[in-house]
Amino acid sequence: MNKVWQIAGREFIATVFTKAFVIGLLIMPLIGVLFVLIAPSLFGDRNLKFEGEIAVIDPTGLVMPEVRSAISARRSPAGVTEIVERARAGGADQMVLSVLGAATQLTLVERPASADVEQEKLWLNEPTPAAKHLALVVVHANAVEPSPGTSNLGTYDLYVPPRQDNRVEVAVQGVMREAIIEARVFARDLNRQELTLVTTVPRVRSVTVGADGERNTVSGFNIVIPVVFMGLLIMGVMFAGQGMLTTTVEEKSNRVMEVLLSAVSPMQLMGGKLIAHMGVSLIAMSLYLGLGLVALVSFSLFGLLDLKLILYLLIFYLIAFFTIGSLMMAAGAAVNDMREAQQLMMPLMMTMMLPWMLWWPIVQNPNSTLAVVVSLLPPVSSFGMLLRIASSSPPPLWQVSLSIVLGVAGVFGSVWFAAKVFRVGILTFGKAPNIKTLIAWVRAA
Amino acid sequence: MSVSTTTTAIELRTVTKTFGSLTAVDRLDLAIPRGALYGFIGPNGAGKTTAIRMIMSILLPDSGELRVLGARSALEAKDRIGYLPEERGLYRKMKVAPYLTFIARLKGVPERGLKDRVYSAIERIGLEGVENKRCEELSKGMSQKIQILAAIIHEPDLLILDEPFSGLDPVSTRLLKDLILAEHRRGATVLFSTHVMPQAEEICEHVVMIHRGQKVLDDPVRTILRPHDLRALTFEPLDAHIDVSAVRALPEVERCTAVDGRYEVALREGADAASAMGRVLGVVPAARIELKRRSLEDVFVSIVAGPGSNPSGASGGKHVGVA
């Protein structure tokens, strides 16, 4: 056992006390901070402004005046203020639509009600127009009043030129929505302000009541937490697995492997490397988890976190680490260089990606058949079960226990397989093995 | 074969190892007594490295029995074995002294005096001052010396060296030879594989040769090199440009041919070698004259290429050399 610790100690020091490790460790939180600080400036477009014409064909004759006034109102500061006030009272979608509409300088081109729509479509793609032709709107005849004998109201058709920014379309839809509603209200001699008043219910903040007190509910917290914990788990396993793969390939390619094997058994070597890289990735995970907890404390959200999750994170990390990490080390032992390693890594990477692909359906319905299967089936069970445990509907304890038992069985299986491949692979040079060769090695070892 | 485990350092009994359809080592029997200095020779692909790796328990045999230093497996005696593999390397980023310390610890060297042991070992091979250099900063020759030190840092009972002389310059070769002999004098059993026959001839007490996985030679060096042909002489003239027609004219001489600055003399049927030597010396001043010996290289080539290619043409006899 002393030799295992000697191997582990050297490997740990050789990995941790390097610039690459320190930079690699800090780069993720740094990117996160930079993203929070700079992203709004990078991705936001405060000077967003569209200028151009929209052509409207209105067979009702009632919508056109409202379009005219809606466009002019959106250009005025008073109009923007009104939109903001309404956004405060109403939903965010409405607010986005309105703000985008306000940022757009639309000019109305009024077409006669009898205009030929096909001819008007050609207008959209006219070469080098003086002003940009943004959209053609054809209002339905029943957009304001239902057709005789029916009770349904119509809408409008919207035609746009190719390769146009989607935000223009959103702006035009905002304008047309306003105009048609105004026309309908006017046609029925209703009071718009009163209508707005009775149809608007201000949004309320829910309050989460816990054993330790009450606090404002953080919307999305129950969605974010499972993803964060699964991300931590994947990051930890990847961090360790990648390290083991790289150092094993290096030791094999610089021929130090055989020197080591003259002093320790392959199992001692593999055990030492597993312990070392487990330590390395636990450091990384602890750092990120610690930063996350500090963030929760600073936003007074720490109380929303179930601390049992940290224990489960550790348990499922160990299962996932030994299952996938040992296989990654075996892959490193089986190949001659990193390029060959990538080929063997593909199935493992796919395994790691599977929970990413399935996280949304699992978090949305943590007790679905898919979620249960994914959370019980090694080697993805650790990721799936952690997602479920962190979700708003945690699984029953027996499923958690079963997942741990099956996971531990998976650990024994993969470590056994990896050890066999490791033993043969570390001294085998030449053509990179395929799955068939690996199975032959397992039988031979 | 029955060998006492108390007197043998390495014992292999009908050990076989195959890789797919290739039999790398085929029913190999070997017994190396403790304290012996053995050479392990054979052509490329003969199975030497595979055999050594099995001795080291790096590879497991398919069949047969193996004992190392009295243990059933080298795993049980790794701390008492020093090993220099054919394909050797260092941790490039590690410094020399920490690397040797790490290897020594793996080999069970106690912490007490470990630092002194490492530093004096480095001094022993004339590399003072490299202790804190990274291994990647060392020249190839220096790296090889450090690798050799790593094999003997724990003063092993058994030292196994796989092609230790490959790639070494003459000075390093001399140093390694001295280290091997010093380890042998200390009492270690030494087994090394080599392609360099003169070195095996010079250093080894005993030579084992394998060819196509099978043992084809297992004899003391002095027995192998014993001259066998009483009708073949070799002499080295004092003057390299001497006319040897007088030698060819001697009645005992069938022919005289120049070979690498020497002359080889074939005697006629029934000629007496001792009197022929005297007569040759009478007509040609010579620095050295003796019955022609086989070299290890001759033996190697004759075994590998077949009996017909034996350059010595040796066929038994006794050594009666005159210097």
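Numbers restart at 1 for each chain; the letters A, B, ... are given by sequence-line order, proteins then strands.
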Just verifying a value: how many Å separate A:Arg423 CZ and B:Leu59 CG, rounded to the nearest 0.5 Å? 8.0 Å
Considering only heavy atoms and a distance below 4.5 Å, find which of A:Gly9, A:Pro266, A:Ala263, A:Ser253 pairs most often with chain B. A:Ala263
For B:Arg72, does the CZ atom sit with more than 12 other heavy atoms under 6.0 Å from it, leaving out its own atoms? no
Over all atoms of both residues, closest heavy-atom pair of A:Gln6 and B:Phe102: O-CE1, 3.6 Å
So, do A:Lys3 and B:Asp79 sit near enough that their side-chain heavy atoms are less than 4.5 Å apart? yes
Heavy-atom contact with chain B under 4.5 Å, split by part of A:Leu260: side chain
Can you tell me if CZ on B:Arg117 sees more than 12 non-hydrogen neighbours from other groups inside 6.0 Å? yes
Sort by residue number and list every residue of residues 338-356 of chain A having at least one heavy atom under 4.5 Å from chain B. none
Against chain A, work out which of B:Ser57, B:Pro98, B:Ala74, B:Gly89 has the most heavy-atom pairs shorter than 4.5 Å and name it. B:Gly89
Tell me whether the count of non-hydrogen atoms from other residues, nucleotides or ligands lying under 6.0 Å of NZ in B:Lys95 goes above 12. no
Euclidean distance, A:Glu258 CD relative to B:Ile52 CD1, rounded to 0.5 Å: 9.5 Å
Chain B-proximal positions within residues 15-24 of chain A [heavy-atom distance under 4.5 Å]: none
Should the heavy atoms of other residues, nucleotides or ligands under 6.0 Å from CZ of A:Arg255 be counted, would the total exceed 12? yes
Would you sort out whether A:Asn254 and B:Leu90 count as a side chain to side chain contact (heavy atoms under 4.5 Å, CB included), showing the intermediate values? CA-CA 7 Å; A:Asn254 70 17; B:Leu90 299 164; over 6 Å; no
One pair to check against side chain to side chain contact (heavy atoms under 4.5 Å, CB included): B:Met56 and A:Leu261. What are the steps and the verdict? CA-CA 9 Å; B:Met56 288 302 301; A:Leu261 290 177; over 6 Å; no
Using non-hydrogen atoms only, which part of B:Leu84 is less than 4.5 Å away from chain A: side chain, backbone, both, or neither? neither
Region of B:Leu106 that comes under 4.5 Å of a non-hydrogen atom in chain A: both
If you tally heavy-atom pairs under 4.5 Å between each of A:Ile426, A:Ile7, A:Ile13, A:Val264 and chain B, the highest tally belongs to A:Val264
Answer yes or no: does atom CZ of A:Phe412 have more than 12 heavy-atom neighbours from other residues, nucleotides or ligands under 6.0 Å? no
Smallest heavy-atom separation, A:Ser262 atom then B:Lys107 atom, equals O-NZ, 2.8 Å
If you measure only the distance, is there a donor-acceptor pair under 3.5 Å linking the side chains of A:Glu250 and B:Tyr91? no
